[in-house]
Amino acid sequence: MATSAVPAAITALLGLLVPAPALAEVRVIDGPPPSTNFSEPDRLYVGWAPGTEVAAEIRQEFAVAGARRRNEDATISCYLETRDGGTDMAWCRNRVFELLAVVENVLRATDAAPAAPSLGGAVLWSELTAGSLIQEQGPNGAYAGLGFTVAYRARI
């Protein structure tokens, strides 16, 4: 019996995001950045956000009397970033929220993807929760970053 759904949830989330057509031009990365490459305008990190080493946070409790099953509530740290190479901050800000909308839509149930909120059955449900926007003008142009979390509940 698994002690946590975190590994399966992160793998399943990547499995939904990597092939998403609307993210075809976005580099989706498992975990922290392997390098800073300013030639890639859009990146999505799953299991990492700048300023923290926390990939996921979990909390568990007994699901029912008898202590045979547990509920796990967790959040997975994620981060989106976009660069334009110029000074158009509004474009970067709009673009990073456009990409966040894609992630949110990937997590929504549809007729074509009824199991999306359960991350393909890895968890009971998942949803995009908190986020925070970072903006800066640097030597490589305008930059917008958006840290967010994907929360889930699993039964283990």
Original post:
After noting the C-alpha distance and the side-chain angles of Leu13 and Tyr152, does the key distance pass the side-chain contact (heavy atoms from CB on, under 4.5 Å) rule?
Top reply: CA-CA 11 Å; Leu13 182 56; Tyr152 72 78; over 6 Å; no
Original post:
What's the verdict on side-chain contact (heavy atoms from CB on, under 4.5 Å) for Thr82 and Phe97, showing C-alpha distance, side-chain angles and the deciding distance?
Top reply: CA-CA 10 Å; Thr82 193; Phe97 275 94; over 6 Å; no
**OP:** Dump the intermediate steps for side-chain contact (heavy atoms from CB on, under 4.5 Å) on Thr149 and Glu57, then the final yes or no.
**Re:** CA-CA 10 Å; Thr149 57; Glu57 293 186 32; over 6 Å; no
**OP:** Start with the C-alpha gap between Leu44 and Leu99, add the side-chain angles, then the distance that decides, and say whether side-chain contact (heavy atoms from CB on, under 4.5 Å) holds.
**Re:** CA-CA 9 Å; Leu44 167 57; Leu99 294 173; over 6 Å; no
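Contact of the Ile76 side chain with the Ser126 side chain is not registered, since no non-hydrogen atoms from C-beta on lie closer than 4.5 Å. Between Val46 and Asp30, the closest side-chain pair of non-hydrogen atoms is not below 4.5 Å. Two residues are said to be in side-chain contact when any heavy atoms from C-beta on lie closer than 4.5 Å; Trp48 and Ile29 fail this criterion. Considering only heavy atoms from C-beta on, Glu72 comes within 4.5 Å of Ser4 through its side chain. Side-chain contact check for Asp84 versus Arg95: every heavy-atom pair is 4.5 Å or farther apart. Looking at Leu107 and Val150, their side chains come closer than 4.5 Å, going by heavy atoms from C-beta outward. No side-chain heavy atom of Thr52 sits under 4.5 Å from any side-chain heavy atom of Tyr79.
Separating the CG atom in Leu16 from the OG1 atom in Thr11 is a distance of 11.0 Å, to the nearest 0.5 Å. In this structure, the separation between CZ on Phe62 and CG on Asn71 is 11.5 Å, given to the nearest 0.5 Å. If you take CZ on Arg43 and CG on Leu80, they are separated by 12.5 Å, rounding to the nearest 0.5 Å. One distance of note links CD of Gln135 with CG of Leu146; it measures 10.5 Å at 0.5 Å rounding. Interatomic distance, SG of Cys92 versus CG of Leu133, reported as 10.5 Å (0.5 Å rounding).
Closest heavy-atom contact between Ala144 and Arg93: CB-N, 3.9 Å. The nearest pair of heavy atoms linking Ala5 to Ala122 is CB-O, 4.1 Å. Shown here for Pro114 and Ala109, the closest heavy-atom pair between the two residues is O-CB, 4.0 Å.
For Glu61 and Arg59, the salt-bridge test passes: some basic side-chain N is under 4.0 Å from an acidic carboxylate O.
Under the 4.5 Å side-chain heavy-atom criterion for grouping Ile, Leu, Val, Met, Phe, Trp and Tyr, Val123 is connected to Val6 within one hydrophobic cluster. Both Val102 and Val26 belong to a common hydrophobic cluster when Ile, Leu, Val, Met, Phe, Trp and Tyr are linked at side-chain heavy-atom distances under 4.5 angstrom. Under the 4.5 Å side-chain heavy-atom criterion for Ile, Leu, Val, Met, Phe, Trp and Tyr, Leu119 and Leu128 are members of the same hydrophobic cluster. Tracing side-chain contacts under 4.5 Å through hydrophobic residues (I, L, V, M, F, W, Y), one reaches Val96 starting from Leu23; they form part of the same cluster.
When hydrophobic side chains of Ile, Leu, Val, Met, Phe, Trp and Tyr are connected at separations under 4.5 Å, Leu124 ends up clustered with Trp125. Annotation for Trp91: hydrophobic cluster partners, listed by chain and number, are none (ILVMFWY side-chain heavy atoms under 4.5 Å, direct or chained).
Judged by distance alone, with hydrogens and angles left aside, the side-chain atoms of Ser77 form no donor-acceptor pair with the main-chain N or O of Ala49 at under 3.5 Å. A donor-acceptor contact shorter than 3.5 Å links the side chain of Gln60 to the backbone of Thr3. Side chain of Glu81 to backbone of Tyr143: no donor-acceptor contact under 3.5 angstrom is found.
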